[in-house]
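We count residues from 1, following the sequence as given.
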Amino acid sequence: MYVDNGIAYAGERAQPLTVVGVRPLEGHRLWVRFSSGEIRVFDFKPLLETPAFSPLADRMLFSAVGIDHGVPVWNDGDIDISPDMLYRDGSLA
């Protein structure tokens with residue numbers, strides 16, 4: 001049991017999903033290893049049309065992906081993406 005904001009819940013608190021490994025792949029895809037040990041491949045191409053991710057169309061910038069506190073980042077943290085989205089929308093590797 002655990003308490004969060006004054007509400008008691010049964011079971012154990014789930015640990016947040018974080019990224020522990022990331023590698024850019026051809027075709028604007030990311031290989032991602034999660035704290036759970038699972039690996040997914042995320043296709044970034046559909047997101048490159050959005051203002052937030054359009055700078056990643058540049059292959060050099062896309063290839064410069066890093067991890068900051070369990071979150072994939074680019075451009076010194078100016079661009080990031082949620083580990084939950086990568087997990088939910090990624091394909092099993």
Peer 1: Do Trp74 side-chain atoms and Ile79 backbone N/O form a donor-acceptor pair below 3.5 Å?
Peer 2: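 Side chain of Trp74 to backbone of Ile79, a donor-acceptor pair under 3.5 Å: no, none is there.
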Peer 1: Please check this pair: side chain of Ser54 against backbone of Leu48, looking for a donor-acceptor N/O pair closer than 3.5 Å.
Peer 2: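 No, because the side chain of Ser54 does not come within donor-acceptor range (under 3.5 Å) of the backbone of Leu48.
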Peer 1: To the closest 0.5 Å, what do you measure between OH (Tyr87) and OG (Ser82)?
Peer 2: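 Separation between the atoms: 13.0 Å.
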Peer 1: Test Val19 against Phe34 for side-chain contact (heavy atoms from CB on, under 4.5 Å), laying out the working first.
Peer 2: CA-CA 4 Å; Val19 172; Phe34 294 92; 4.0 Å; yes
Peer 1: For His28 and Leu56, indicate whether the former's side chain and the latter's backbone hold a donor-acceptor pair under 3.5 Å.
Peer 2: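 Yes, because the side chain of His28 sits within donor-acceptor range (under 3.5 Å) of the backbone of Leu56.
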Peer 1: Looking at Leu30 and Pro24, what are the two nearest heavy atoms and their distance?
Peer 2: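 Where Leu30 meets Pro24 most closely, the heavy atoms are CD2-CA, 3.9 Å.
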Peer 1: For a quick test of reading the model, state the closest non-hydrogen atom pair linking Phe62 to Leu25 and the distance between them.
Peer 2: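 Smallest heavy-atom distance, with atoms named: CE2-O, 4.3 Å.
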Peer 1: Is the backbone of Leu47 close enough, under 3.5 Å, to the side chain of Thr50 for a donor and an acceptor to pair up by distance?
Peer 2: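 At least one qualifying donor-acceptor pair exists.
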Peer 1: Locate the shortest heavy-atom distance separating Asp43 from Gly27; write the atom from each residue and the value.
Peer 2: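 Looking at all heavy atoms of both residues, the shortest contact is OD1-O, 4.1 Å.
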Peer 1: Before giving the answer on side-chain contact (heavy atoms from CB on, under 4.5 Å), spell out for Arg59 and Glu26 the whole-Å C-alpha distance, their side-chain angles and the decisive distance to 0.1 Å.
Peer 2: CA-CA 9 Å; Arg59 288 178 190 242; Glu26 289 294 318; 3.8 Å; yes
Peer 1: Please say yes or no: joined through hydrophobic side-chain contacts below 4.5 Å, possibly via intermediate residues, are Leu17 and Val32 part of one cluster?
Peer 2: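 Cluster IDs for Leu17 and Val32 match.
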Peer 1: Would you kindly check if the NZ (Lys) or CZ (Arg) of Arg29 is within the cone defined by 45 degrees around the ring axis of Phe42 and under 6.0 Å from the six-membered ring centre?
Peer 2: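 No, Arg29 and Phe42 do not form such a contact.
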Peer 1: Does any N or O in the side chain of Asp58 come within less than 3.5 Å of the main-chain N or O of Leu61, such that one atom is a donor and the other an acceptor?
Peer 2: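 Here the side-chain-to-backbone pair exists.
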Peer 1: Hey, is CG on Asp78 packed in by over 12 heavy atoms from elsewhere, all under 6.0 Å?
Peer 2: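 For Asp78, atom CG is crowded (more than 12 foreign heavy atoms under 6.0 Å).
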Peer 1: Do Phe53 and Ile67 land in one hydrophobic cluster if side-chain heavy atoms of ILVMFWY residues count as linked below 4.5 Å?
Peer 2: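 Same hydrophobic cluster.
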Peer 1: Quick check for you: to the nearest 0.5 Å, what is the distance between Leu86 atom CG and Arg33 atom CZ?
Peer 2: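 Taking CG in Leu86 and CZ in Arg33, the distance rounds to 14.5 Å.
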Peer 1: Answer yes or no: is there a side-chain heavy-atom contact under 4.5 Å between Tyr9 and Asp4?
Peer 2: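 Side-chain contact under 4.5 Å: yes.
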Peer 1: Shortest non-hydrogen contact from Gly70 to Pro83?
Peer 2: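 Shortest heavy-atom separation between Gly70 and Pro83 comes out as O-CG, 3.3 Å.
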Peer 1: What about Trp31 and Phe44, are their ring centers closer than 6.0 Å?
Peer 2: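 For Trp31 and Phe44, the ring centres are not under 6.0 Å apart.
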